[in-house]
Amino acid sequence: MPLDPKPADIPKIPGALRLYKISSVITGVFLLLLCVEVFLKFVLQLEIEVGGPNGIIALVARDSVTAFNLSTGILIVHGWLYVLYLFSDFQLWSLMRWSFPRFLLIALGGIIPTLSFFLEVRVAREVNAFLATHAAVDSTAASAEARP
């Protein structure tokens, strides 16, 4: 039996949804960059170097980077953004009181390319529908209390 969010938690949901939407898009973009980086590194045997002797940004042979290794930077940044994504997923999941498999499905959005974009739209639509329904119920209850 699905649980509804606690009435005291409902005002926190829009902020949690906003954080989730932002983190899912940013994490999804960095995951796509990571896929490009992995393709360059393991298929083409190239890495992205920034500020080296070959120019501002250059593709150099794997393991021959002499300046800032953007390939490694993308990997690290995606990892930390995925932590933020998991936090926002957990926050929204706990406020909405969804099932644990739902949390796991949303968490997969940060490790399966493009999934976060689809989930962001679906989750946002569902949460916004809940908030709209709840706002309609609140306004109906408020108008009923205001009548003598």
Side-chain angles (χ1 to χ4, degrees), residues 1-140:
M1 177 176 157
L3 299 173
D4 285 336
K6 296 176 184 175
D9 289 340
I10 291 175
K12 300 174 189 173
I13 293 173
L17 178 61
R18 193 174 314 110
L19 178 62
Y20 169 73
K21 288 172 66 173
I22 292 168
S23 67
S24 68
V25 170
I26 293 172
T27 301
V29 167
F30 268 86
L31 181 57
L32 291 176
L33 288 173
L34 183 61
C35 291
V36 169
E37 185 271 327
V38 166
F39 177 78
L40 287 172
K41 188 172 189 169
F42 295 109
V43 175
L44 301 179
Q45 301 294 310
L46 298 171
E47 290 191 89
I48 308 168
E49 178 182 65
V50 176
N54 298 317
I56 294 174
I57 296 179
L59 292 174
V60 297
R62 186 174 170 193
D63 299 326
S64 69
V65 177
T66 58
F68 179 73
N69 189 339
L70 188 60
S71 299
T72 302
I74 291 170
L75 177 69
I76 292 168
V77 170
H78 174 265
W80 282 107
L81 288 172
Y82 184 63
V83 171
L84 172 66
Y85 178 77
L86 283 178
F87 171 77
S88 66
D89 173 17
F90 178 79
Q91 183 182 31
L92 186 61
W93 167 78
S94 63
L95 289 173
M96 292 298 294
R97 300 178 72 182
W98 287 328
S99 66
F100 187 68
R102 180 93 182 256
F103 171 77
L104 294 177
L105 173 67
I106 296 172
L108 286 175
I111 56 176
I112 297 176
T114 70
L115 183 60
S116 68
F117 302 117
F118 295 106
L119 288 174
E120 184 268 328
V121 171
R122 182 176 170 196
V123 168
R125 186 181 317 128
E126 184 177 338
V127 172
N128 285 328
F130 169 80
L131 291 174
T133 303
H134 181 73
V137 169
D138 281 351
S139 65
T140 304

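For the numbers below, each heavy atom of this structure counts, side chains included, while hydrogens, waters and symmetry mates do not. Each residue takes its place number in the sequence, starting with 1.
Once rounded to the nearest 0.5 Å, the distance linking CG of Asn54 with CG of Leu59 reads 9.5 Å. Interatomic distance, CD1 of Ile13 versus CG of Asn128, reported as 10.5 Å (0.5 Å rounding). Note that NZ of Lys12 and CG of Leu17 are 15.5 Å apart. Values are rounded to the nearest 0.5 Å. Here OG of Ser24 is found 9.0 Å from CD1 of Ile22. Values are rounded to the nearest 0.5 Å. Rounded to the nearest 0.5 Å, atoms CE (Met96) and CG (Asp4) are 8.0 Å apart. Between atom OG of residue Ser116 and atom CZ of residue Phe30 there is a gap of 12.5 Å, rounded to the nearest 0.5 Å.
Listed by chain and number, the residues in a side-chain hydrogen bond (donor to acceptor under 3.5 Å, both in side chains) with Thr27 amount to none (sequence neighbours excluded). For Glu47, the salt bridge (charged side-chain N to carboxylate O under 4.0 Å, His left out) test picks out Lys41, with sequence neighbours left out. In this structure Thr66 satisfies the side-chain hydrogen bond (donor to acceptor under 3.5 Å, both in side chains) test together with Glu49, sequence neighbours excluded. Residues satisfying the ring-ring contact (aromatic ring centres under 6.0 Å, His included) criterion with Phe90, sequence neighbours excluded, are Trp93. In this structure Phe42 satisfies the ring-ring contact (aromatic ring centres under 6.0 Å, His included) test with no other residue, sequence neighbours excluded. Taking the side-chain hydrogen bond (donor to acceptor under 3.5 Å, both in side chains) definition, one finds that Arg102 meets it with Glu126, sequence neighbours left out.
Of the listed residues (Leu108, Asp89, Leu105, Ile112), just one forms a side-chain contact (heavy atoms from CB on, under 4.5 Å) with Leu119, and that residue is Leu105.
The closest side-chain heavy-atom distance from Leu81 to Leu31 is not below 4.5 Å. Between Pro5 and Phe130 the shortest side-chain heavy-atom distance falls below 4.5 Å. Looking only at side-chain heavy atoms (C-beta outward), Phe117 and Leu32 come within less than 4.5 Å of each other. Residues Leu95 and Gln91 meet the side-chain proximity criterion, which asks for heavy atoms closer than 4.5 Å. No side-chain heavy atom of Val38 sits less than 4.5 Å from a side-chain heavy atom of Val43.
Tyr85 contributes a side-chain N or O that, together with a main-chain N or O of Ile106, makes up a donor-acceptor pair within less than 3.5 Å. Remark: the backbone N or O of Ile111 is not paired with any side-chain donor or acceptor of His78 at under 3.5 angstrom.
Heavy atoms of other residues, nucleotides or ligands lying less than 6.0 angstrom from CZ of Arg62 number more than 12.
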| said: Between Tyr82 and Leu34, is the side-chain contact (heavy atoms from CB on, under 4.5 Å) condition met? List the steps. | reply: CA-CA 12 Å; Tyr82 184 63; Leu34 183 61; over 6 Å; no

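Here the closest non-hydrogen pair linking Ala67 and Val65 is O-CG1, 3.3 Å. Of all heavy-atom pairs spanning Pro7 and Pro11, the tightest one is O-CD, 3.7 Å.
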